[in-house]
Every structure is written in structure tokens, then in C-alpha cells.
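The structure appears right after this line, and notes come after that.
Throughout, residue positions are numbered sequentially from 1 according to the sequence presented.
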Amino acid sequence: MFILTTFSDLIVIKPQDFSKPTAEALEDEINAKYANKVVYNIGLCICLYDVLKVSEGLIGYGNGSANVHVQFRLIVFRPFKGEILSGRISSSTPAGIKVRLDFFEDILIPGHLLFDGCVFDIKENVWIWHNEGTELYMDKGEVIRFKVENEKFTDQTPVNPQTAVAKVDTPGGGETAAVELHKDPPYQINASCRDAGLGLVAWW
């Protein structure tokens, strides 16, 4: 689930942090820059693990900050294909089940990757597994065990505001309204739930 990844970056230590020990100041700046952020094609950065190499600090012109080249390792969340994880159901739609962990919530179990016999109840807004005459509900908040199938990274580079909205006809007709286009999360995990031992933990 977690991996160690090496990074090299220029870290800026502000003058007000010069009173801190160098290691503490670097740790604070690295965590502020990377912790709980997705790095494209790397994964979700959790926190600093250790510092491998530090250059001499150079004082920046005009602001007095120290610029330090640092090589360091971060703990990164990036589960491998086929890994079994557990989380809680956050919501259900006809498209599938959304699952969240304590620190990550962009996990989707598509409807076609659920057990055979699973159907979506629109009135109850829940997926139900019809198994040998028994109806097993996958309710919101329940702990569910699933298998990682693939991952998707989406480039979050800023776009032109004119291309970030779409024009649609209003119910009254004739007029238009600006609607924000759907934006995919920077990192999404697609999972399945159709093997023995998977599904709600309470079932097994």
C-alpha cells in the first residue's frame, strides 16, 4: 500500500525559521509542500521519511531566504494491482460504489466489477447482492474489502477559464448559464469486489 520514493527539490527556508534546527526547518517545509498532495504518476504523498542529502544554503537576493537543494524520501500511498484493501462505503450510484480510507477517498468499484447478481436499488440508493435467495445490502458507512484493479492519474495543470465552463440551455429556454465542467480527481483507484472473501467484512 505504501512505498518509499526519492525526490530532489529546492527547498526554501524563510528567515523566520532560521532559529529552528536545520533538520526541523527542512522537514516542516517539505511536509508543507508535499504532504497530502498527489504527484503525477507517483501517488499520494503522506509525509517525509528521511533526508538523504543537503546542499549548502544560498541566501536569496531580496528576501533573505535560504535556498537548499535537498534529496529526500517520502512515504507515498500507491497500492499495487491485485492488492486487497479495506475501506468504508461513502456513497453509491448506478455507476458503482465509492469507497474512502481514513486519508484517501477517490476509490471506485464500478457496478460491472461487483459480484454477479448485484443490482442497484434506486429508491434505497444502495447496491444489493442477490446471493442464493438472500439479499445482502451494501449500505453507506459499512466496511468493505476490495481488490485494486487499476489506477488513473489526471493532469491537474490549470486550464484557460474560458474552457473550464460550458454553456447549456436553461429550462426557460433561450438563455444560457455557465456550468462548471466535471473535473476528475488527480489520482483515482478502480477496484473490484467479486471474489470470495471480498465485499462487506460483516459477511465473512
Task: Pairs meeting criterion salt bridge (Lys or Arg N to Asp or Glu O under 4.0 Å) with involvement of residues 110-128, two or more places apart - done: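 As it turns out, there is no salt bridge (Lys or Arg N to Asp or Glu O under 4.0 Å) pair with a partner in residues 110-128 once direct neighbours are skipped.
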List the residues meeting side chain to side chain donor-acceptor pair (under 3.5 Å) with [X], not counting sequence neighbours, and say none if there are none.
X: Asn150; result: Asn190
X: Asn63; result: none
X: Glu149; result: Ser192
X: Asn67; result: none

Open item on the list: Suppose clustering is done on Ile, Leu, Val, Met, Phe, Trp and Tyr with side-chain heavy atoms closer than 4.5 Å. Which residues sit in the same group as Val201?
Closed with: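 Besides Val201, the cluster holds Val143.
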Result block: side-chain N/O donor-acceptor pairs under 3.5 angstrom for residues 99-109, not counting sequence neighbours:
none

Any residue meeting side chain to side chain contact (heavy atoms under 4.5 Å, CB included) with [X], in chain and number order, not counting sequence neighbours:
X: Thr22; value: Leu26
X: Lys37; value: none
X: Thr93; value: Ala95

Donor-acceptor contacts under 3.5 Å from residues 40-52 side chains, at least two apart:
unit_1, atom_1, unit_2, atom_2, d
Asp50, OD1, Arg73, NE, 3.0
Asp50, OD2, Arg73, NE, 3.4
Asp50, OD2, Arg73, NH2, 2.6

Task: Shared hydrophobic cluster for Ile89 and Val148 (ILVMFWY, side-chain gaps under 4.5 Å) - done: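 Same hydrophobic cluster.
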- [ ] Find out if a path of hydrophobic residues (ILVMFWY) with successive side-chain heavy-atom gaps under 4.5 Å connects Trp203 to Val119.
- [x]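 Hydrophobic grouping puts Trp203 apart from Val119.
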Indicate every side-chain donor-acceptor pair of residues 9-16 with a distance under 3.5 Å to a residue at least two apart or in another chain.
unit_1, atom_1, unit_2, atom_2, d
Asp9, OD1, Lys33, NZ, 3.4
Asp9, OD2, Lys33, NZ, 2.6
Asp9, OD2, Tyr34, OH, 2.6

